[in-house]
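Please read the structure below before turning to the comments.
Order of listing sets the numbers, starting from 1, for every ligand and every atom in it. The structure displayed is predicted, hence computed values, not measured ones.
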Amino acid sequence: MNARPGCLWVVATPIGNLGDFSPRAKEVLARVALIAAEDTRHSAPLLAQIGPHAPLLALHEHNEREQAQRIVARLLAGEDVALISDAGTPLISDPGFRLVRAAREAGCEVSPVPGPCAAIAALSVAGLPSDRFVFEGFLPAKAAARRERLRVLAGETRTLIFYESSHRIVETLADMNTVLGARREAVLARELTKRFETVLGAPLEALHARVLVDADQQRGEFVLVVNGADGEDDAATLAAGRRIFALLREELPPSRAARLAAAISGAPRKQLYVEESQSAE
Ligand code: SAM
């Protein structure tokens, strides 16, 4: 066995336009001993661009634990391995986290070959504050869980970034409009770097209405960038929470009324509850 372990290269690949396949990504993929890919059939055409290359090993969310052990053994034997996903940067809403952790724990070098990432590409053209942002990835598929997650995020002041698929884009925009508020600014970045790339910016109500009536805008891959809550939004949410709380309080004990009012409005439950107990003193 070699004294020196190999390196795990985490390689970003294009999110659409093959012109974004970097020379360094190609060079690394051409010289490693093994390429771990999310879907080997999907990656074959991309890798055909670099000519002869190492064999592919499938690494996806259902086999990552076992495959990570195999790959670490290869690294410890001194071989270099590359990790790619179907598109963009591995680990970003893609498999790889367990492998990277296992490689680092085994004392192997892990090195990035940075490149395309849909979230960052969308943020870079959205024209929304980009100094602080939160990457939320995919919202839950089920409506109740999705709305609950949005309620949790309603007061977040940093710019929010979501991934979404064509199956749910209309529903997600409808829920965002209801939970985050009709006036909240958002940008829908569709098919970035591809032929039908569109970047639409509008308040959530208008954005939802626009996408609802245009089947073309419901096709492809999407990133949604949403402005963070501002002070005005927070004040409006709290005012709504207080109104709902006052109504529910006529029928319910304070803790239950506060919980429901917070769930409906997105206002902080504790604040509604504390205000009540202070006013009762
Ligand atoms: N690892 C990838 C990255 O770095 O962006 C993301 C993988 S995630 C499984 C796939 C999601 O990313 C898509 O459903 C879509 O939300 C977003 N996405 C990927 N490519 C995109 C593109 N060209 N335009 C807009 N969104 C894209």
Side-chain angles (χ1 to χ4, degrees), residues 8-22 24-25 28-29 35-43 45-47 58-64 82-100 110-128 130 133-142 146 149-150 153 159-173 175-176 186-201 207-208 210-211 214 216-226:
L8 174 65
W9 298 94
V10 181
V11 182
T13 58
I15 56 169
N17 192 321
L18 293 181
D20 296 334
F21 200 5
S22 78
R24 194 159 89 95
V28 167
L29 289 168
I35 300 173
E38 190 182 358
D39 177 341
T40 52
R41 269 188 310 177
H42 177 99
S43 294
L46 178 81
L47 294 171
L59 177 130
H60 43 73
E61 56 173 325
H62 304 295
N63 71 358
E64 187 172 348
L83 170 68
I84 57 173
S85 58
D86 285 353
T89 302
L91 279 81
I92 308 301
S93 287
D94 268 339
F97 149 70
R98 288 191 186 87
L99 171 61
V100 167
V110 180
S111 187
V113 181
C117 173
I120 299 300
L123 183 65
S124 74
V125 295
L128 291 173
S130 53
F133 59 89
V134 186
F135 175 63
E136 271 291 314
F138 290 97
L139 282 163
K142 295 218 168 96
R146 184 170 57 237
R149 184 74 202 139
L150 287 170
L153 293 169
T159 296
L160 296 152
I161 306 178
F162 301 89
Y163 282 165
E164 196 46 281
S165 73
S166 53
H167 313 298
R168 278 189 287 276
I169 189 63
V170 174
E171 284 172 56
T172 291
L173 281 168
D175 287 345
M176 286 182 170
V187 172
L188 183 65
R190 183 175 80 95
E191 294 288 89
L192 292 171
T193 77
K194 303 187 209 175
R195 179 157 172 227
F196 295 109
E197 174 180 293
T198 41
V199 180
L200 300 174
L207 193 58
H208 172 238
R210 166 85 166 80
V211 173
D214 186 346
D216 285 341
Q217 292 303 325
Q218 301 170 20
R219 295 198 181 100
E221 298 192 283
F222 304 88
V223 183
L224 261 163
V225 188
V226 181

Problem - Donor-acceptor pair, side chain of Asn63 and main chain of His60, under 3.5 angstrom - result: yes
Problem - Residues that Phe133 engages under ring pair (Phe, Tyr, Trp, His ring centres under 6.0 Å), provided they are two or more places apart - result: none
Practice task
Please confirm whether Phe162 and Phe222 have ring centers closer than 6.0 angstrom.
Solution key: no
Practice task
Determine the sole option in Leu160, Leu128, Thr159, Leu188 for which the side-chain contact (heavy atoms from CB on, under 4.5 Å) test with Val226 is passed.
Solution key: Leu160
Fill in the blank from the handout: side-chain contact (heavy atoms from CB on, under 4.5 Å) test vs Thr13 passes for just one of Asp20, Val113, Leu18, Leu46, namely Leu46
Fill in the blank from the handout: Distance col, row Asn17:CG vs Glu191:CD, nearest 0.5 angstrom, shows 12.0 Å
Problem - ligand 1: protein residues within heavy-atom distance under 4.0 Å - result: Ile15, Ala87, Gly88, Thr89, Ile92, Ser93, Asp94, Cys117, Ala118, Phe138, Tyr163, Glu164, Ala189, Glu191, Leu192, Lys194, Glu221, Phe222, Val223
